[in-house]
Amino acid sequence: MIVGRRLSWHIILRYTGRGVVVHVLFATAVIVGYRVFDASWMAVPAMPVSVLAAALGVLLAFRNGSAYDRWWEARSLWGGVVNASRTFARQVLTLLPRPERQGSDALAELELAPPSSPLLRTAAERSRPLLTVTGTRASDGAVRDQLGQARVHPEQGSPRAKLAELGTIPQTEGAARGVITAGMVEDITEDARELVYAQIGFVNAMRCHLRRQDPLPEIVPFFRPAVIEALREEQNVPSALLLWMGTRLRRIYGQVSDAQKVLFLHVTMDRTLSELTNLLGACERIKNTPLPRQYDILLLAMTRAYLVLLPLGVVKELGWLTPLVTAVIAFLFIGLDAVGRDIESPFEDDVSDTPMTALCRTIEINLRQMLGETELPPPVQPRDGLLY
C-alpha cells in the first residue's frame with residue numbers, strides 16, 4: 001500500500017510511461033504532417049472528440065469507484081482479522097480453564113474419536129510440553145519492492161531455503177519452534193499457548209494463501225514439526241488450521257467436568273472461529289472474482305481510440321502545442337485506467353495491495369504480548385513510501 005506523501009517516479013512511469021510516449025510520438029507525427037506536409041485532412045472536428053471524452057470519463061469513474069470499493073472492502077476485512085485474532089487470543093487466555101480431569105468418563109460425548117486425518121491427530125493427541133525458550137527472529141513475510149521485484153530480508157534467507165531446511169527439522173515433540181522468548185506468563189497452559197500461536201500461524205498462512213505463495217515456510221515458527229508435516233497435504237492451509245484449532249479446543253472441552261461451562265465455551269469460541277472462517281471466505285471471494293472483463297476491454301479500447309483522435313481534433317487550433325496537450329491528457333486517462341486495474345486486485349503482492357505483511361506482524365506483536373513475552377519483533381516499516 002502506498003503510504004508516502006509523494007509518489008515515486010518509478011511507480012508513475014510504470015503506470016503511464018510507455019503509453020504516454022507512444023501517443024506523444026503519434027501527436028508529433030500528426031502536427032508534422034499537418035504543418036510541414038500540408039495534410040489538412042488530418043484535422044477532424046472537435047465535437048466527436050469532446051463527446052467521447054465525456055463518455056470515457058463516466059466509464060472510468062464507474063470502474064474506478066467499483067475497484068476502490070473492492071480495495072476498501074479488502075482492507076476492512078483484514079481489519080476484522082486483526083480484531084478477531086485479538087478476540088480469540090483473549091478468549092483463549094481468559095476463558096479456557098485448566099483441565100479438571102485426565103481420563104475420566106464425564107462428558108464423554110465431547111471426546112474425539114480417533115481422527116482419520118493426520119492433521120487432526122496432531123490436534124487431538126495428548127502431547128508432552130511443546131515449547132522451549134529461544135530467541136530467533138520471526139518471519140517478515142515475502143513482499144515485493146516498488147518495481148514488483150521479490151524482496152527477501154537479508155537475515156532470513158528465501159522462503160524456499162527455509163522450506164528446504166524444514167525437511168531436516170527434528171521430529172521430536174519437544175523441538176523448539178523458534179519464537180518463544182523469556183518473560184512469559186507462568187499461568188498460561190501449554191494448550192492455550194499453542195492455540196495463540198496457532199492464530200498467529202493462521203493469519204500468516206492466510207496472507208500467503210491470498211498471495212498465491214507457499215505458506216509453510218512462513219508458519220514453521222508457530223507449530224510443532226508434526227503439524228507442519230501434516231499440513232503439507234492440505235490444499236487450503238488457512239481453512240485446515242481453523243479446523244485444527246477447533247479440534248484442539250474440543251479436546252480441551254473434554255477435560256472440563258462442568259457441562260454448563262463447556263456449553264458456554266463451545267458457543268463462545270465457535271463464534272470467533274466462524275467469524276475467522278467468514279473473513280477468510282470473503283477475502284477469497286475478492287481474490288477469485290475479478291471485475292467483469294468487459295469493463296477492461298471496453299475501457300481500454302475507448303481510451304486508446306480517444307487518445308488517437310485527440311491530436312486530430314486539436315491540431316488545427318493548437319498547432320505545435322498538440323504534443324504537449326496530448327501528453328498531459330494521455331497521462332491523466334492512462335493513469336486513471338491503470339490505477340483502476342491495479343486496485344481492483346488487492347491481494348496480488350503489489351504496490352497497491354492491502355498491507356497484509358504489516359498487519360500480520362501487528363497481530364503477532366499483540367498476541368505475543370498477551371502471552372507475556374518481552375522480546376518481540378519490530379513492526380514492519382514503510383520502505384520508499386510503500387507498506388506491504
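In this chain, residues are counted from 1 in sequence order.
When hydrophobic clusters are built by joining Ile, Leu, Val, Met, Phe, Trp and Tyr residues whose side-chain heavy atoms come closer than 4.5 Å, directly or via intermediates, Phe264 is grouped together with Ile252. With hydrophobic clusters built from ILVMFWY side chains whose heavy atoms lie under 4.5 angstrom apart, Leu291 does not share a cluster with Leu56. Cluster membership check: Val36 shares its hydrophobic cluster with Phe26, using side-chain heavy-atom separations under 4.5 Å among Ile, Leu, Val, Met, Phe, Trp and Tyr. A continuous path of ILVMFWY side-chain contacts below 4.5 Å connects Val308 to Leu298, so both sit in one hydrophobic cluster. Residues Leu332 and Val314 share a hydrophobic cluster, clusters being chains of Ile/Leu/Val/Met/Phe/Trp/Tyr side chains in contact below 4.5 Å.
More than 12 heavy atoms of other residues, nucleotides or ligands shown are found within 6.0 angstrom of CZ on Arg285. Summarising the local packing, NZ of Lys316 is surrounded by 12 or fewer heavy atoms from other residues, nucleotides or ligands at distances under 6.0 Å.
Shown here are the side-chain hydrogen bond (donor to acceptor under 3.5 Å, both in side chains) partners of Arg35, two or more places apart in sequence or in another chain: there are none. Taking Asn278 as the reference, nothing meets the side-chain hydrogen bond (donor to acceptor under 3.5 Å, both in side chains) condition, with sequence neighbours excluded. Thr272 is linked by a side-chain hydrogen bond (donor to acceptor under 3.5 Å, both in side chains) to Gln91, counting only residues two or more places apart in sequence or in another chain. Listed by chain and number, the residues in a ring pair (Phe, Tyr, Trp, His ring centres under 6.0 Å) with Tyr68 are Trp71 (sequence neighbours excluded).
In this structure, the side chains of Val58 and Phe62 stay at 4.5 Å or more apart for every pair of heavy atoms. A 4.5 Å side-chain heavy-atom check between Arg90 and Leu367 finds every atom pair outside the cut-off. Within the 4.5 Å cutoff, the side chain of Val81 has heavy atoms near those of the Ile363 side chain. Side-chain contact between Arg368 and Ile200 is present, with heavy atoms from C-beta onward closer than 4.5 Å. Side-chain contact check for Glu364 versus Leu376: every heavy-atom pair is 4.5 Å or farther apart. Taking 4.5 Å as the limit, some side-chain heavy atom of Leu300 sits within range of a side-chain heavy atom of Arg341. By the 4.5 Å heavy-atom criterion applied to side chains, Thr362 and Pro379 are not counted as neighbours. Side-chain contact between Met370 and Val196 is absent, with no heavy-atom pair separated by less than 4.5 Å.
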Working for side chain to side chain contact (heavy atoms under 4.5 Å, CB included), residues Ile31 and Leu321
CA-CA 9 Å; Ile31 185 58; Leu321 291 177; over 6 Å; no
Begin from the C-alpha positions of Trp78 and Met206 and carry the test side chain to side chain contact (heavy atoms under 4.5 Å, CB included) through to its verdict.
CA-CA 10 Å; Trp78 266 87; Met206 181 175 171; 4.0 Å; yes
Let me see the working for Arg63 and Asp337 under side chain to side chain contact (heavy atoms under 4.5 Å, CB included), right down to the final yes or no.
CA-CA 9 Å; Arg63 200 280 298 276; Asp337 182 53; 2.8 Å; yes
List the steps and the verdict of side chain to side chain contact (heavy atoms under 4.5 Å, CB included) for Phe202 and Ser85.
CA-CA 9 Å; Phe202 164 77; Ser85 298; 5.6 Å; no
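A donor-acceptor pair under 3.5 Å is absent between the side-chain atoms of Thr289 and the main chain of Ile286, judged by distance alone. Checked by atom type and distance alone, the side chain of Asp353 never pairs as donor or acceptor with a backbone atom of Pro355 at under 3.5 Å. A donor-acceptor pair is defined here as one N or O able to donate and one able to accept, closer than 3.5 Å; no such pair exists between the side chain of Thr322 and the backbone of Leu318. Counting only distance, with no hydrogens or angles, the side chain of Asp350 and the backbone of Ser352 share no donor-acceptor pair below 3.5 Å. A distance-only check finds no donor-acceptor pair linking the side chain of Arg361 to the backbone of Val380 [under 3.5 Å]. Put simply, the side chain of Asn64 gets close to the backbone of Leu336: a donor and an acceptor are under 3.5 Å apart. The closest donor-acceptor contact from the side chain of Arg18 to the backbone of Thr16 lies at 3.5 Å or more, if one exists at all.
When all heavy atoms of Ala43 and Tyr34 are compared, the pair lying nearest together is CB-CE1, 3.8 Å. Between Gln260 and Asp258, the shortest heavy-atom distance links the atoms N-OD1, 3.0 Å. Here the closest non-hydrogen pair linking Leu276 and Ala84 is CD2-CB, 3.5 Å. Nearest heavy atoms, Ala67 versus Glu344: CB-CB, 3.7 Å. When all heavy atoms are compared, the tightest approach of Gln255 to Asp191 is OE1-OD2, 4.4 Å. Shown here for Gly313 and Ala46, the closest heavy-atom pair between the two residues is O-CB, 3.8 Å.
Remark: Leu231 CG to Trp244 CH2 distance equals 9.0 Å, nearest 0.5 Å. Here the CZ atom belonging to Phe347 is positioned 13.0 Å from the CZ atom belonging to Arg207, to the nearest 0.5 angstrom. Atom OH of residue Tyr197 and atom CD1 of residue Ile219 lie 15.0 Å apart, to the nearest 0.5 angstrom. Here the CD-CG distance, from Glu275 to Asp270, works out to 12.0 Å after rounding to the nearest 0.5 Å. In this structure, the separation between CG on Leu309 and OG on Ser50 is 11.0 Å, given to the nearest 0.5 Å. Rounding to the nearest 0.5 Å places CD of Glu348 at 9.5 Å from CG of Leu210.
For residues 313-336, every residue pair satisfying the ring-ring contact (aromatic ring centres under 6.0 Å, His included) rule, not counting sequence neighbours, is listed here: Tyr306-Phe333.
A side-chain donor-acceptor contact under 3.5 Å links Arg211 and Thr357.
Other members of the hydrophobic cluster containing Val51, listed by chain and number, are Met47; membership follows side-chain contacts under 4.5 Å among ILVMFWY residues, whether direct or relayed.
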